[in-house]
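No hydrogens, no waters, no symmetry mates; every other heavy atom, side chains included, goes into these values.
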Amino acid sequence: MNFVADASFAMAWVLKDEATAETDGILDSLGQGAKAFVPALWHWEIANALLSVERRKRATRIEVGRHLTLLKSLPIEIDEAAVHEAWTTAHLLAQQYKLTSYDAAYLELALRRDLPLASLDAELQVAAKAEKVEVFAGK
């Protein structure tokens, strides 16, 4: 099953102390024909999160490089149309649910593509459920 993956969920794919049976199961599904969709900002969010991981000494530079290699190898597709929704639908969702614009981009994408949302972000999960979007919460 295809889905939208936010950066918090993807980080659980590379950080063992954040992984759960559900995050691992969703990761496994990517090797079995499923595809994840993300807005273009996902790359910057992942890069920033991995910088923080390295700076906090949760991973070495070499491990971060391996994490990036793994993420690059996955069937993750950038949804280019998400950019056009930043000042429209995503902005309205951010206002309505008091989300960051970044988080609203994932919700907008899940709504537009009618896909489940994989997120570990509690506020984003609440907003997605309010919008009747199926949520993979990593539990």
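With rounding to the nearest 0.5 angstrom, the OG1 atom of Thr60 is 7.5 Å from the CD atom of Glu54. With values rounded to the nearest 0.5 angstrom, Asp121 atom CG is found 4.5 Å from Asp103 atom CG. Lys16 NZ to Asp24 CG: the interatomic distance, rounded to the nearest 0.5 Å, is 6.0 Å.
For the pair Arg58 and Leu15, the minimum side-chain heavy-atom distance is below 4.5 Å. Looking at Val53 and Met11, their side chains come closer than 4.5 Å, going by heavy atoms from C-beta outward. The shortest side-chain heavy-atom distance between Val4 and Phe9 does not fall under the 4.5 Å cut-off. Put simply, the side chain of Leu41 reaches to within 4.5 Å of the side chain of Tyr106, judged on heavy atoms. Trp13 has its side chain within reach of Leu74: a pair of non-hydrogen atoms, C-beta onward, lies under 4.5 Å apart. Here the side chains of Arg112 and Phe37 are not in contact, with every heavy-atom distance at 4.5 Å or above.
Here Asp28 pairs with nothing under the side chain to side chain donor-acceptor pair (under 3.5 Å) rule; sequence neighbours left out. Residues satisfying the salt bridge (Lys or Arg N to Asp or Glu O under 4.0 Å) criterion with Arg55, sequence neighbours excluded, are absent altogether. Glu131 is linked by a side-chain contact (heavy atoms from CB on, under 4.5 Å) to Leu93, Gln96, Tyr97, Leu107, Leu111, Val133, counting only residues two or more places apart in sequence or in another chain.
Cluster membership check: Phe136 does not share its hydrophobic cluster with Val126, using side-chain heavy-atom separations under 4.5 Å among Ile, Leu, Val, Met, Phe, Trp and Tyr. Tracing side-chain contacts under 4.5 Å through hydrophobic residues (I, L, V, M, F, W, Y), one never reaches Val64 starting from Leu51; they form parts of separate clusters. No chain of hydrophobic side-chain contacts below 4.5 Å, direct or via other Ile, Leu, Val, Met, Phe, Trp or Tyr residues, connects Leu92 to Leu99. Trp42 and Trp44 are not part of a single hydrophobic cluster, where members link through side-chain heavy atoms under 4.5 Å apart. Taken together through direct or relayed side-chain contacts under 4.5 Å among Ile, Leu, Val, Met, Phe, Trp and Tyr, Ile78 and Ile46 form part of one hydrophobic cluster.
A side-chain donor-acceptor contact under 3.5 Å links Ser8 and Asp6. A donor and an acceptor atom, one from each side chain of His67 and Glu63, are nowhere located under 3.5 Å apart. Between the side chains of Thr88 and Glu85, a donor-acceptor pair is found at a separation under 3.5 Å.
The heavy-atom pair separating Leu30 from Ala36 by the smallest distance is CD2-N, 3.7 Å. Across every non-hydrogen atom of Glu45 and Ala7, the tightest pair is CB-CB, 3.7 Å. Gly33 and Asn2 get closest at one heavy-atom pair: O-OD1, 4.3 Å. In terms of heavy atoms, Met1 sits closest to Ala34 at O-CB, 3.2 Å. In this structure, Ala104 and Ala90 approach most closely via the heavy-atom pair CB-O, 3.2 Å. Smallest separation of non-hydrogen atoms from Ala110 and Leu117: CB-CB, 4.2 Å.
For Glu123, the CD atom is loosely surrounded, since the number of other residues' heavy atoms within 6.0 Å does not exceed 12.
Here the side chain of Thr89 pairs no donor or acceptor atom with the backbone of Glu108 at under 3.5 angstrom.
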